Structure formats: C-alpha cells, structure tokens
There are 2 protein chains.
Amino acid sequence: MTTLSAIEENYLKYILQLGEMQNGNVKTNDLAYKLEHSAASVTDMLKRLADKNLVVYKKYYGVSLTKSGLKIAVKILRKHRLWETFLAKKLKFTWDKIHVIAEQLEHVQSDELIDKMDEFLGFPKFDPHGDPIPDKHGNISLPNVVSLADAKMKKQYTLQNVNDDSAAFLKYLNKIQLQLNDKIKIIDKEEFDETIQITINDKKQLTISKDAAKNLFVKSI
Amino acid sequence: MTTLSAIEENYLKYILQLGEMQNGNVKTNDLAYKLEHSAASVTDMLKRLADKNLVVYKKYYGVSLTKSGLKIAVKILRKHRLWETFLAKKLKFTWDKIHVIAEQLEHVQSDELIDKMDEFLGFPKFDPHGDPIPDKHGNISLPNVVSLADAKMKKQYTLQNVNDDSAAFLKYLNKIQLQLNDKIKIIDKEEFDETIQITINDKKQLTISKDAAKNLFVKSI
DNA sequence: TGTAATTTTTAAGCGAACTTAAAAATTTTT
DNA sequence: AAAAATTTTTAAGTTCGCTTAAAAATTACA
Ligand SMILES: [Mn+2]
Ligand SMILES: [Mn+2]
Ligand SMILES: [Mn+2]
Ligand SMILES: [Mn+2]
C-alpha cells in the first residue's frame with residue numbers, strides 16, 4: 001500500500017466526519033462544501049479513491065469508507081488531535097490557533113512519531129476541544145454528549161466538547177470566558193430569536209445564540 | 001508572496017547546501033542527483049523559480065539564490081534543525097532517525113510554530129548532528145571546523161559535526177560509540193587504502209575509512 | 001584544433017488535482 | 001404526473017511536477 005497524498009487523506013477524514021450523522025453515507029456536495037472544491041472535482045477524486053478500495057462510491061447516491069479507508073481516516077484523526085494537544089499543552093498555543101496547524105501536521109508520515117508523541121503527552125484521551133483521541137489500535141471512547149441547543153431547561157450540565165474548526169467561535173468562547181468542564185444551566189429559552197439564557201458555574205449569566213449553542217456539547221451531571 | 005510548495009522549498013534548500021562549497025553556484029546535474037530527478041525536471045523547475053525571483057538561473061552555467069531565495073532557504077534549514085532537535089531531545093529519537101522525519105516537518109507553514117518551538121527547546125544553537133541552527137533573523141553561527149579527512153596527525157580535536165543525511169552512517173557511529181564532543185587524535189594514516197587510525201577520548205583506538213572521515217568534522221583544541 | 005564525451009536544454013507527453021460548462025439523473029413542487 | 005429546481009456526473013481544459021528522447025551547448029582529450 002503506497003502512501004496517500006495529503007488531499008486523499010483529507011477526503012477520507014471528511015468522509016468519516018460528515019458520515020457520523022448520516023450512518024456513514026456522504027453526499028458529493030457536502031464534501032465539495034467542506035473542501036471548498038467544485039462538485040466535479042469531488043466526483044473525480046471519489047472515483048480514484050474507489051479504485052484504491054478506500055471508499056465505496058455509488059453514482060448519484062453517495063460515498064462511504066471501506067474497512068481500510070476507515071482505518072486510515074481514524075489514524076488521521078488520531079494524529080490531528082495528538083498534534084493539537086501537543087500545540088496547546090507543550091507549546092502554549094491558545095485553542096483557537098491549533099486546528100489550522102494540526103491540519104498540516106496530521107499528514108506527516110511516521111508511525112513511530114505518532115506513538116512517541118502519544119507517550120510524550122501521557123496518552124491523552126481528549127484533545128483541547130474535548131474531542132476523543134483514538135488510541136493506537138483505532139479505538140475511540142465516545143462520550144455521550146448532547147448539543148446545548150438540544151439540552152433541557154433547569155438541568156445541570158458540564159461543557160465537554162466544542163466544535164474546533166472555527167477560530168472565530170473559539171475566540172468568542174475565550175471572550176465570554178467559557179471553558180471545558182464549566183457547569184452550564186439553561187435558565188430560559190427565547191422563542192422569538194431562539195437565543196438561550198445560561199448560567200456558567202452558577203455565577204455568570206449570559207445570553208447565547210442558537211448558532212453558538214449548536215457548537216457546544218454538554219453532559220448532564 | 002504566495003506560499004511555496006514543499007518541492008520548491010527543497011530546491012532552495014539544496015541550492016543553498018550544494019552551493020556552500022562552490023561560492024553559491026550550483027549545477028543542474030548536482031541538483032538532479034540530490035533530488036533523484038532527471039536533469040530535464042531540474043531545468044524545468046529552475047526556470048519557474050527564476051520567474052518567481054527566488055533564484056538566478058543562467059543557461060548551461062548554473063543557479064544561485066537571490067536575496068529572497070536565500071531567506072527562505074535559511075528558514076527551511078532553521079525549521080529542519082529545530083525539528084530534529086525536538087525529535088531527539090524531547091521525543092528521544094536516536095539521531096539516525098530524525099533527518100527523514102524532519103524532511104517532512106520542515107515544510108509545515110507557521111511562523112508562530114517555529115518560534116514557539118525554538119523557545120520550548122531553549123533556543124538551541126546546534127542540532128543533534130552539530131549543525132548550526134539559524135536564529136529568528138537568519139543569522140547562523142558558523143563554527144570553524146575541518147573534515148577529519150583533512151585533519152593533521154597527532155593533534156587533539158573534538159568532534160563537532162557529523163553529516164546527517166545517511167542513517168547508515170549514523171548507525172555506524174552508534175556502533176563504534178563515537179559521539180559529538182568526543183576527543184579525537186589521528187595516530188596513523190595508511191597510504192595504501194587511505195584508512196586512518198584514531199584514538200577516541202585517549203582510550204579506544206580504531207580504524208576508519210576515508211569515506212567515514214570525510215563525514216566527520218572536528219575542531220582543534 | 002578537431003572530434004568525442006558529457007552536460008544541459010528543448011520538445012513532447014503523462015498523471016494528479018483542480019476548473020468551468022453542459023448534460024444527465026434525481027428530487028421537489030405544483 | 002409533468003414541470004421545475006437541484007444535485008451530480010461527464011467532458012474538456014489547465015497547471016504542476018514529473019518522465020524520456022532528441023537536440024544543442026559545453027568540456028575533455030587526442
Ligand atoms: Mn481540529
Ligand atoms: Mn480538536
Ligand atoms: Mn537533517
Ligand atoms: Mn541535522
């Protein structure tokens with residue numbers, strides 16, 4: 001098995017991530033949007049990935065990962081999240097800057113490097129955004145979280161996970177001083193504009209938009 | 001200035017390194033050999049780099065770096081050597097494995113990453129092979145060393161620098177337990193096969209080939 | 001100095017990864 | 001169920017970074 005290009009690896013990674021909500025099947029346009037490429041380019045590449053037995057591609061229907069495609073995708077995710085952890089914990093980058101750098105580092109080819117990095121970091125289970133880091137064998141501990149947009153009123157939650165691919169969103173969280181593991185309680189929901197009122201650690205009270213809430217994932221306590 | 005591809009960066013890096021002995025001018029075939037590409041490919045790329053004002057290319061004569069080409073080349077060298085230092089010092093890689101991984105890492109684009117890494121490592125002046133690490137401004141401290149192949153008999157030297165691009169050579173140094181800063185004295189040179197006899201730290205005595213000696217750089221003490 | 005050997009460039013072409021425009025298939029709306 | 005809208009594929013073309021083969025320039029040497 002010859003090594004894949006960075007763009008091929010990205011396709012596999014995004015097919016994994018976009019497929020999580022749609023039982024594995026991903027549409028051409030969704031990939032095109034994510035990759036910022038034309039739909040024609042995506043069709044082109046999907047055929048080539050299918051030739052390499054990394055995906056199952058059915059015309060006009062969609063694409064999903066094969067066993068070997070999944071294995072590679074999970075490995076890229078593992079590398080991405082280990083690198084993010086390194087950048088934040090060791091190099092003291094803020095969490096809004098690490099994603100774009102990890103997008104490059106995740107494509108460095110060296111199994112020994114990944115494992116040494118994992119050990120250097122003390123085998124972390126989650127990255128700085130709360131995303132689970134797959135272990136050496138590809139096992140991921142999937143924590144059961146719910147989007148804050150779907151959470152119930154008056155219940156106590158803790159912030160477990162935030163969407164990491166918008167630096168602007170993460171900077172906003174810095175500004176309102178919302179961090180992982182903070183306690184969150186919804187005290188009111190506004191019908192009119194779908195904003196929600198929350199308290200953080202039973203102290204600060206603030207209003208956040210539906211859009212922000214969708215990118216925050218919480219666990220009940 | 002749009003960012004360069006990894007292969008363009010490699011061209012600049014190799015033009016810098018190959019040019020060091022020939023007052024900056026590098027021949028097409030030397031690059032072809034180093035890159036393991038055909039001479040035709042090299043001619044092709046040199047024209048494109050010249051269009052971008054990164055090199056001065058004169059047909060049938062050779063190529064050299066412009067001011068901006070040099071700046072980029074030195075930066076790649078800085079990144080390469082910082083990454084090698086990180087891999088050896090922090091991740092405990094042996095010195096024969098770090099070069100190939102750094103060949104990939106040197107192309108990651110992030111100025112903040114380089115500087116944070118530099119700080120994390122304590123602003124090292126030399127990499128694990130004794131190569132000088134250019135500082136943030138591109139300044140390199142050039143230590144005056146001489147190849148052991150050209151060193152004088154009976155004089156005391158210390159090993160300052162070893163050629164890092166052959167893993168086999170570095171493994172050989174591991175085997176004979178020769179390390180940076182070891183004291184070396186030439187006690188005999190054999191005319192017939194050009195091997196030389198040395199003592200290490202005034203204790204171990206051993207015979208090394210001309211080829212090995214050419215890749216060892218020493219400083220007199 | 002003329003010829004041979006070597007080096008370098010030019011020419012033509014290829015695969016990967018993109019594009020836009022047009023055609024075809026699918027889905028939605030009426 | 002037909003028409004309209006949307007999605008996806010196909011077709012044709014581009015750039016980058018490579019190749020081989022042939023031509024041209026340079027260098028070596030008899
Ligand atoms: Mn990320
Ligand atoms: Mn993350
Ligand atoms: Mn190196
Ligand atoms: Mn080195």
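Owing to the predicted nature of the structure, the values given are computational and were not obtained by experimental measurement. Computation of the quantities below employed the complete heavy-atom set of this structure, encompassing side-chain atoms and omitting hydrogens, waters and symmetry-equivalent molecules. Chain letters run A, B, ... following the sequence lines, proteins first, then strands; residues in each count from 1.
Where B/E36 and B/K52 each meet DNA chain D at their nearest nucleotide, the meeting point lying more 5' is that of B/K52. For the pair B/G62 and A/Y11, both in contact range of DNA chain C, the more 5′-proximal nearest nucleotide belongs to B/G62. Along DNA chain D, the nucleotide closest to B/K59 and the one closest to A/V42 are compared, and the more 5′ of them pairs with A/V42.
Remark: C1' of C/dT8 and CG of B/N25 are 14 Å apart, rounded to the nearest angstrom. The CG atom of A/D44 sits 13 Å away from the C1' atom of D/dG13 (whole-angstrom rounding). Distance NZ (B/K27) to C1' (D/dT26): 9 Å, rounded to an integer number of Å. Rounded to whole angstrom, the span from the NE2 atom of A/H37 across to the P atom of D/dT7 amounts to 19 Å. The distance from atom OH of A/Y60 to atom C1' of D/dT6 is 12 Å, rounded to the nearest whole Å. Taking atom CG on A/N29 and atom C1' on D/dA5, their separation rounds to 13 Å, with Å as the unit. Atom CE of A/M45 is separated from atom C1' of C/dA16 by 8 Å (rounded to the nearest Å). A/E9 has its CD atom 11 Å from the P atom of C/dA17, to the nearest Å.
Taking all atoms of both residues into account, the shortest heavy-atom contact from A/S141 to A/P132 is O-CB, 3.4 Å. Shortest non-hydrogen contact noted between B/G130 and B/N161 is C-ND2, 3.3 Å.
The B/K47 side chain lies nearest to C/dT10 when the options are C/dT10, C/dA17, D/dG17. Checking D/dT8, D/dT19, C/dT19 against every side-chain atom of B/A40, the shortest atom distance belongs to D/dT19.
With 3.5 Å as the limit, one finds a donor-acceptor pair spanning the side chains of B/H80 and B/H99. Checked by atom type, the side-chain pair A/T94/A/D96 shows a donor-acceptor distance below 3.5 Å. Side-chain N/O atoms of B/Q197 and B/T207 include a donor and acceptor closer than 3.5 Å.
In this model, the phosphate group of C/dT8 is not approached by any side-chain N or O of B/T43 to a distance below 4.0 Å at OP1 or OP2. Taking 4.0 angstrom as the limit, A/S5 places a side-chain polar atom (N or O) nearer than this to OP1 or OP2 of C/dA17. OP1 or OP2 of C/dT9 sits under 4.0 Å from a side-chain N or O of B/T28. OP1 or OP2 of C/dA17 has at least one side-chain nitrogen or oxygen of A/R48 nearer than 4.0 Å.
Across the strands present, C/dT30 finds its partner in D/dA1; the criterion is a Watson-Crick or G-U wobble pair with both atom distances under 3.5 angstrom.
Across all strands shown, A/Y57 has heavy atoms under 4.0 Å from sugar-phosphate atoms exclusively, and none from any base. Using a 4.0 Å heavy-atom distance criterion, B/S41 is classed as a base contact.
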